[in-house]
Colleague: 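Right, I'll just put the structure down here and ask away after.
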Amino acid sequence: MSDSPRSAKRPVRWHRLYYVLAAFDLLTVALGLYLNHRTSGIYERSIVVNQAWAEALAGVSDLGALAGEVNAPGNEVFESRAVAQERARLERAVQRFEAALNEQRAALQLNPLGLDVAPILPLFAPVEDSLDAMVVQSRAILSHFEAGEVEQAGERMASMDRGLAQTLRGLSVIRRQISAEQARLFDEQSAAAAGLRRYELLIAGALLAMVVCVTLYGHRVAREVALSQELVVARDSAIETSRLKSEFVANMSHELRTPMNGIIGMSGLLLDTPLSRDQREYAETVRTCADSLLVVINDILDFSKIEAGKLDLEVLDFDLRTTVEETLELVMERARAKQLELLCELHADVPRCLRGDPGRLRQVLLNLVSNAIKFTERGEVVVSVTRGALADGGEAVRFEVRDTGIGIDEQARARLFQPFVQSDASMTRRYGGTGLGLSISKRLVELMGGSIGVESELGQGSCFWFTVKLTRGQARQEATAVRARPLNGKRVLIVDDNATNRRILRETLGAIGVEVVEAVDGADAVRLTGELASDSRLPDLAVFDYQMPGMHGVDLVRELRRDERLKSLPVVLLTSGLERLDPAQHQRLGIFATLHKPIRRNRLLETLLEALGATLALEPTSPLPSAAPPQDAPRAPAGRVLLVEDNPVNQRVGQRLLAKLNCRVDVAANGREALVACSSAPYDLVLMDCQMPEMDGFEATRALRQLEAQGARPRLPVVAITASAMRGDREACLAAGMDDYISKPVQVAELTRVLQRWLPQPAARAADSASALGA
């Protein structure tokens, strides 16, 4: 029964409703036209009435001019002396005024438009009275003047002028009353028109609602039919968009990693050559900057993983102090350019060797410090690292970045860590930025088991903090601490007006047994050294800030050198600015060295050791590696390697690296040249780039494997060395017949492991040679 046509639900017959709606539409249209006609009538009448009031105002203004003509003969007779002429002129002016006054009053009384003139008509009587008084005085002036009584005539002029003034005031009252009536009538007409417009809007709204309802139902069937097709199109579009995005990210990965391979490779080769101390510091800075840039590039390329919640963290041993100090070196120049004190405070109880992801940690810290410098115009930016509560089987480390910048209000702080959000939209134009940094930092900190937040007061500065959970790394004895033992028990004078920097220096030097004496400025230092000298407790070393109020560091040194007991006191200057300091002047004053803030702890201790004239050998201050390879790690075995690479810079980098690893290297610029080279020389290994002109690495490897399958030659190991580092690239290389995979930029340790894995070992090479000789 349920399937029978009778029991089936009948469709609603909407066409009958259409007829009702159409009739109602016609009614509303007619009503709307009527209301529109009424409104137009109101506006037309308003125009006519305003024109009538304007004519009345013009007539009253004309009366003022005529009143002036009545007053003129009594004034001008003193110059013309023509009494008869002026008396005739007076009488004509009086007649014209009275005629115009009666005409204006008659026009208002006639009132063809039905205006409310009752308040206006009584105002004409005072005008007539004042004019009559003025006429009487004017006639008297003429009579006195005719009788030769000039003084009496002059006495009458004031009364005549007062009559004119009263007449004009009366006319002004009439004009104001006309204007008031005009405005009142305009307001009434506007209110009536507005009321009609409201009705029109209600009708238009009802009509629009009905049209919308009819249109929606009319499109209902078409929408249902097109819905499935739209879903198919949307699905195809999403798939294509995802494909294009992946292709774009892959291409961007290749284009960014290719030059980065040259920068990192060449800087690494440069660091392996004999360099002066300054040259080594410059090369290390380039290498550190390149490594940090590579971290940012990797984060951008992994953005899809962040969105999908599949971002992987590295776990390796690293030196926390080195990581923090290297991060601050990247932004040191920006802080110096703004004359900011950039300080680093790493508490002594924080473990140095930890295990985690130093790249992600550096990325978060770099973002917070860069923001602090960007939004701080004067003062200081202080990075503080403290030890938190013990985590399960590890360490909790808390980082704070405090500044004296513009601060953030409470409303902005609530949405600060959302994507694409800055504390103030106008700051994007003033300071720049995308608003993504804090959002990415929040996700990274949460992945490292921590949290992030901010404390700020508008106009007073901000304090961004975050915590991470790390595990203890393999402990290593700190070489600098061993070398710094001669400083134990020495007395160091510190002069700096910044209390934070004094505290950092006091804790850093105090941790190795140095006795610290502090002064807040130059005058305090002069007083303090005098007291120390009188007690025979002169300092062994001095560390002065260069920028201090009143007396800067160089002036302080010059002042202290006047005392014979301080002539040989070693002085180290600290500066956070971009001043060009004079080395010759420093040498004359006995200033040993100048260090830029933030001061690396190792560099400070080694400088103090050198200033003391320590004879211990000082090792280079190159950054400690994140994961130091064992000292007895075997070198790569010798072999003949074919490097297939189209980029000239990367060709040179690869040749130098492989030569240092005891390999004989030939270069091919593309896959076609690689096949020719493999056919003409016996190679032990091929390092194959993937994206190359003429023939890429995939096609070349497949062709090589086909030749090997035909018995033309034995199997040759092929290792992909490519700038493509997205998910699935390694699998694509292996599917093409390659044996291994290295991503650019190439790290020496990883390249060494690959060579050890695929090059023939010396014993096997010797056995092959012996068998060849026996044959």
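Atoms considered below: every heavy atom in the structure, side chains included; atoms not considered: hydrogens, waters and symmetry mates.
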Colleague: Do Pro486 and Leu609 touch side chain to side chain, with heavy atoms closer than 4.5 Å?
Modeller: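 The answer is yes, as the side chains (C-beta and beyond) meet within the 4.5 Å cut-off.
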
Colleague: Is there side-chain contact between Ile408 and Phe464, with at least one heavy-atom pair below 4.5 Å?
Modeller: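 Yes. Closest side-chain heavy atoms under 4.5 Å.
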
Colleague: Tell me if a side-chain donor or acceptor on Lys338 pairs with a main-chain N or O of Thr376 at a distance below 3.5 Å.
Modeller: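 Between the backbone of Thr376 and the side chain of Lys338 there is a qualifying donor-acceptor contact (under 3.5 Å).
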
Colleague: Under the side chain to side chain donor-acceptor pair (under 3.5 Å) rule, collect the residues that match up with Asp545, sequence neighbours excluded.
Modeller: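 Per chain and number, Asp545 pairs via side chain to side chain donor-acceptor pair (under 3.5 Å) with Lys597.
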
Colleague: Check the pair Asn501 / Leu574 against side-chain contact (heavy atoms from CB on, under 4.5 Å), numbers first and verdict last.
Modeller: CA-CA 10 Å; Asn501 199 38; Leu574 307 181; 4.0 Å; yes

Colleague: For Phe399, give me all partners under ring-ring contact (aromatic ring centres under 6.0 Å, His included), at least two apart in sequence or on another chain.
Modeller: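 Partners of Phe399 by the ring-ring contact (aromatic ring centres under 6.0 Å, His included) criterion, ordered by chain and then number, come out as Phe466.
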
Colleague: Could Glu345 and Arg503 be called an ion pair, given the rule that one side-chain N must be under 4.0 Å from one carboxylate O?
Modeller: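 Yes.
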
Colleague: Can you tell if the side chain of Leu493 reaches within under 4.5 Å of the side chain of Val543, non-hydrogen atoms only?
Modeller: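 Side-chain contact under 4.5 Å: no.
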
Colleague: Among Thr322, Val383, Leu368, Leu365, which residue satisfies the side-chain contact (heavy atoms from CB on, under 4.5 Å) criterion with Thr327?
Modeller: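 Single side-chain contact (heavy atoms from CB on, under 4.5 Å) partner of Thr327 among Thr322, Val383, Leu368, Leu365: Leu365.
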
Colleague: Not counting sequence neighbours, which residues clear salt bridge (Lys or Arg N to Asp or Glu O under 4.0 Å) with Arg561? List them please.
Modeller: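 Not a single residue meets the salt bridge (Lys or Arg N to Asp or Glu O under 4.0 Å) criterion with Arg561.
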
Colleague: Atom OG in Ser384, atom CZ in Arg402: separation rounded to 0.5 Å?
Modeller: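 Atom-to-atom, Ser384:OG and Arg402:CZ are 5.0 Å apart.
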
Colleague: Contact between Val381 and Phe375 at the side-chain level, heavy atoms closer than 4.5 Å - yes or no?
Modeller: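 The answer is no; the side chains never approach within 4.5 Å.
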
Colleague: First locate atom CG of Asp521, then atom CE of Met551, and finally report the distance between them rounded to the nearest 0.5 Å.
Modeller: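 Atom-to-atom, Asp521:CG and Met551:CE are 8.0 Å apart.
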
Colleague: Tell me every residue that passes side chain to side chain donor-acceptor pair (under 3.5 Å) with Thr386, counting only those two or more places apart in sequence or in another chain.
Modeller: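 Side chain to side chain donor-acceptor pair (under 3.5 Å) check on Thr386 returns nothing, list empty.
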
Colleague: Taking 4.0 angstrom as the limit, do Arg603 and Glu325 come out as a salt bridge?
Modeller: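 Between Glu325 and Arg603 there is no salt bridge, as every charged N stays at least 4.0 Å from the carboxylate O atoms.
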
Colleague: Identify whether the distance between the nearest side-chain nitrogen and carboxylate oxygen of Glu333 and Arg336 falls below 4.0 Å.
Modeller: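 Salt bridge: yes.
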
Colleague: If a pair satisfies salt bridge (Lys or Arg N to Asp or Glu O under 4.0 Å) and one of its residues is in residues 505-519, list it, with sequence neighbours excluded.
Modeller: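 The answer is Arg491-Glu515, Arg502-Glu518, Arg506-Glu518, Glu515-Arg537.
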
Colleague: Counting heavy atoms not belonging to Glu410, are there more than 12 under 6.0 Å from its CD?
Modeller: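 No, the 6.0 Å shell around CD holds no more than 12 heavy atoms from other groups.
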
Colleague: Going by side-chain contact (heavy atoms from CB on, under 4.5 Å), Arg362 matches just one of Asp357, Asn367, Thr323, Val324. Which one?
Modeller: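 Testing Arg362 for a side-chain contact (heavy atoms from CB on, under 4.5 Å) against Asp357, Asn367, Thr323, Val324 leaves exactly one candidate, Thr323.
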
Colleague: Indicate yes or no: at least one non-hydrogen side-chain atom of Cys344 is less than 4.5 angstrom from one of Ile504.
Modeller: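 They are not in side-chain contact.
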
Colleague: Got a sec, which residues hit side chain to side chain donor-acceptor pair (under 3.5 Å) with Ser456, two or more places apart in sequence or on another chain?
Modeller: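 Residues passing side chain to side chain donor-acceptor pair (under 3.5 Å) with Ser456: Ser462.
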
Colleague: Kindly indicate, with the supporting measurements, whether the criterion side-chain contact (heavy atoms from CB on, under 4.5 Å) is fulfilled by Arg472 and Glu395.
Modeller: CA-CA 7 Å; Arg472 286 289 187 99; Glu395 298 286 342; 2.9 Å; yes

Colleague: Kindly compute the distance separating CG (Leu541) from CG (Leu612), expressed to the nearest 0.5 Å.
Modeller: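 The CG atom of Leu612 is 4.0 Å from CG of Leu541, to the nearest 0.5 Å.
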
Colleague: Which heavy atom in Pro358 sits nearest to a heavy atom in Phe318, and how many Å separate them?
Modeller: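 Where Pro358 meets Phe318 most closely, the heavy atoms are CB-CG, 3.7 Å.
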
Colleague: Using every non-hydrogen atom in the two residues, find where Gly407 and Leu458 come nearest and quote the distance to one decimal.
Modeller: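 What the structure gives for the nearest pair is O-CD1, 3.8 Å.
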
Colleague: Rounded to the nearest 0.5 Å, what separates atom CG in Leu604 from atom CG in Leu505?
Modeller: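 So the CG of Leu604 and the CG of Leu505 are separated by 6.5 Å.
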
Colleague: Rounded at 0.5 Å granularity, tell me how far CZ in Arg527 sits from CG in Leu532.
Modeller: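 It comes to 9.5 Å.
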
Colleague: What's the spacing between Leu608 CG and Thr508 OG1 if we round to 0.5 Å?
Modeller: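 Here the rounded value is 10.5 Å.
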
Colleague: Counting only N and O atoms by type, is there a donor-acceptor contact under 3.5 Å from the side chain of His347 to the main-chain atoms of Asp349?
Modeller: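 Looks like no, no N/O pair under 3.5 Å.
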
Colleague: Looking at Asp563 and Arg565, is there a salt bridge between them, counting it only when a charged N and a carboxylate O are closer than 4.0 Å?
Modeller: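 Yes, charged N to carboxylate O under 4.0 Å.
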
Colleague: Any idea which heavy atoms bring Leu528 and Ala519 closest together, and the distance?
Modeller: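 Scanning both residues completely, I find the closest heavy atoms to be CD2-CB, 4.3 Å.
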
Colleague: What's the verdict on side-chain contact (heavy atoms from CB on, under 4.5 Å) for Val401 and Cys463, showing C-alpha distance, side-chain angles and the deciding distance?
Modeller: CA-CA 5 Å; Val401 180; Cys463 176; over 6 Å; no

Colleague: Show the nearest heavy-atom pair for residues Ile512 and Leu487, with the distance to one decimal.
Modeller: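 Here Ile512 and Leu487 meet closest at CD1-CD1, 3.9 Å.
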
Colleague: Can you confirm whether the side chains of Gln363 and Arg360 place a donor and an acceptor under 3.5 Å from each other?
Modeller: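 On atom types as modelled, these side chains qualify, holding a pair under 3.5 Å.
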
Colleague: Taking the side chain as every heavy atom from C-beta outward, state whether Val492 and Asp540 have any pair of such atoms under 4.5 Å apart.
Modeller: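 Counting from C-beta outward, Val492 and Asp540 never come under 4.5 Å.
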
Colleague: Are the side chains of Arg443 and Ile440 in contact, using a 4.5 Å heavy-atom criterion?
Modeller: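 The answer is no; the side chains never approach within 4.5 Å.
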
Colleague: With side-chain contact (heavy atoms from CB on, under 4.5 Å) as the test, would you mind laying out the steps for Val572 and Thr594 before giving the verdict?
Modeller: CA-CA 6 Å; Val572 176; Thr594 301; over 6 Å; no

Colleague: Would you tell me whether Glu380 and Asn498 have side-chain atoms, one donor and one acceptor, within less than 3.5 Å of each other?
Modeller: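 Yes, a side-chain donor-acceptor pair sits under 3.5 Å.
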
Colleague: Does any part of the side chain of Gln339, heavy atoms only, come nearer than 4.5 Å to the side chain of Arg378, both counted from C-beta?
Modeller: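 The answer is no, as the side chains (C-beta and beyond) never meet within the 4.5 Å cut-off.
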
Colleague: Identify the two heavy atoms, one from Thr404 and one from Gly379, that lie closest to each other, and give their separation to 0.1 Å.
Modeller: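 What the structure gives for the nearest pair is OG1-CA, 3.3 Å.
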
Colleague: Grab the two heavy atoms, one from Arg398 and one from Trp465, that are nearest each other, plus how far apart they are.
Modeller: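 Shortest heavy-atom contact: NH2-CG, 3.4 Å.
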
